[in-house]
Amino acid sequence: MKFYGTGAAEGIPNPFCGCYLCEYARKHGGKDVRTRSMFRLTPNICIDMGPDALMQSMLYGDLKEVEHVLITHTHEDHFAYHMMEVRDMATDRKAGPMHYYFTGDGYQMIKRFEDSDYISSGHFKRLEDRGVIECHQLDYGKTYMIGGVEVTPLKGNHFGNMKENAANYLMKLADGRVVYYGCDTGPYLDETFEALKHAKIDILISECTYGGGEDSYPNPGHLSHTACVKVFKQLLAQGTIDSHTKVYLTHINHCHTADHETLQKLFDESGLPMQCTVAYDGLEII
């Protein structure tokens, strides 16, 4: 498991921004430079494939073995449709299509692509017909076997371009470990907390878009450090996570936040019983 990108829509540094954090990232580099969100779950499964995937593959490993892409939602920083065409341009690629998975109404974006003369110059349907890609619709709360992993999409408190709830993925790996990928979401929906009562999570990957900001951030569809702590405490109380759960924070933006070291200190001093690690691009989970 590897974080290919741990930033939000604008990345860090935002190319147009001169705020403290963007200037700090330009000067110090390292863990404070964040590309758009992408996570390699297994050699054959990625969660999201955004506009930085080309560069990320050069830094952290090529995508030749990827067969399945779980899309959280249809915002452009998580789903860059041009990567489908990039696969078509490969002259020596893995046999069979690369499978894309969309939850709920997010799948309707694919239907619009098929009917458009402006997306991929009208060739989107050709990519499907030629077996370059294959798109699938998933239902919230239903469990699927995808690439050797049990995958259950749950509703995140965040909405994509098709007004679909972002999919937060509950996954059971072949080795038995349970991973929850909660990105993008604001404070969890009641039905999501309820669904997670029946889970015992070994690895929790949580968004922390507004980092060191307080709860009064402008977009309720994301979490800050303080909001994360509240969510984690409820998951602890209902037995979904415990002191042995490994927690990683990702999808961090440049506003309402803190540099990597400061944000890590906030979580270290939060009083939570489990270790919370602020992820960075290239971080690998063993």
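Worth saying up front: this structure is predicted, and the values here are computed from it rather than measured. Only heavy atoms go into these numbers, but all of them, side chains included; no hydrogens, no water, no symmetry mates.
Contact check for Arg177 versus Met1: side-chain heavy atoms found under the 4.5 Å cut-off. Counting heavy atoms from C-beta on, the side chains of Phe102 and Glu164 never come closer than 4.5 Å. Residues Leu235 and Tyr188 form a side-chain contact, since some pair of their non-hydrogen atoms from C-beta on lies under 4.5 Å apart. For the pair Asp281/Arg34, a side-chain contact is recorded, criterion being any heavy-atom separation below 4.5 Å from C-beta on. Using a 4.5 Å cut-off on side-chain heavy atoms (C-beta onward), Thr240 and Gln234 make no contact.
Residues Tyr101 and Tyr144 place their aromatic rings such that the two centres sit no closer than 6.0 Å. Taking the centre of each ring, His136 and His68 stay at or above the 6.0 Å mark.
In this structure, Tyr81 and Phe113 have perpendicular ring planes: the angle between them is above 60°, well past the 30° mark.
Listed by first and then second residue, the salt bridge (charged side-chain N to carboxylate O under 4.0 Å, His left out) pairs that reach into residues 139-160 come to none, sequence neighbours excluded. Residue pairs satisfying the ring pair (Phe, Tyr, Trp, His ring centres under 6.0 Å) criterion with at least one member in residues 44-63, sequence neighbours excluded, are listed as follows: Tyr4-Tyr60.
The number of heavy-atom neighbours closer than 6.0 Å to CD of Gln137, taken from other residues, nucleotides and ligands shown, is above 12. More than 12 heavy atoms of other shown residues, nucleotides or ligands fall within 6.0 angstrom of atom CG in Asp175. Residue Arg112 qualifies as open at atom CZ: its count of foreign heavy atoms under 6.0 Å is 12 or below. The environment of NZ in Lys2 is crowded: more than 12 heavy-atom neighbours from other residues, nucleotides or ligands sit within 6.0 Å.
Looking at Thr74, its side chain does come within 3.5 Å of a backbone N or O of Asn161 through a donor-acceptor pair.
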Residue pair Ile71, Asp48: steps toward the side chain to side chain contact (heavy atoms under 4.5 Å, CB included) verdict: CA-CA 5 Å; Ile71 298 296; Asp48 289 332; 4.0 Å; yes
Salt bridge (charged side-chain N to carboxylate O under 4.0 Å, His left out) assessment of Asp52 paired with Arg36: CA-CA 6 Å; Asp52 296 329; Arg36 269 73 68 93; 2.6 Å; yes
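Not counting sequence neighbours, the partners of Asp129 by the salt bridge (charged side-chain N to carboxylate O under 4.0 Å, His left out) test are Lys125. For Phe267, the ring-ring contact (aromatic ring centres under 6.0 Å, His included) partners at least two apart in sequence or on another chain are His225. Under the salt bridge (charged side-chain N to carboxylate O under 4.0 Å, His left out) criterion, Asp242 pairs with Lys200, not counting sequence neighbours. In this structure, the ring-ring contact (aromatic ring centres under 6.0 Å, His included) partners of Tyr20, at least two apart in sequence or on a different chain, are Tyr24.
Residues His222 and Asn253 bring no donor and acceptor atom of their side chains to less than 3.5 Å of each other.
Checking each of Met38, Met49, His99, Met84 against Val69 for a side-chain contact (heavy atoms from CB on, under 4.5 Å) leaves exactly one that passes, namely Met49.
What you find for Cys228 and Glu207 is that their closest heavy atoms are SG-O, 3.2 Å.
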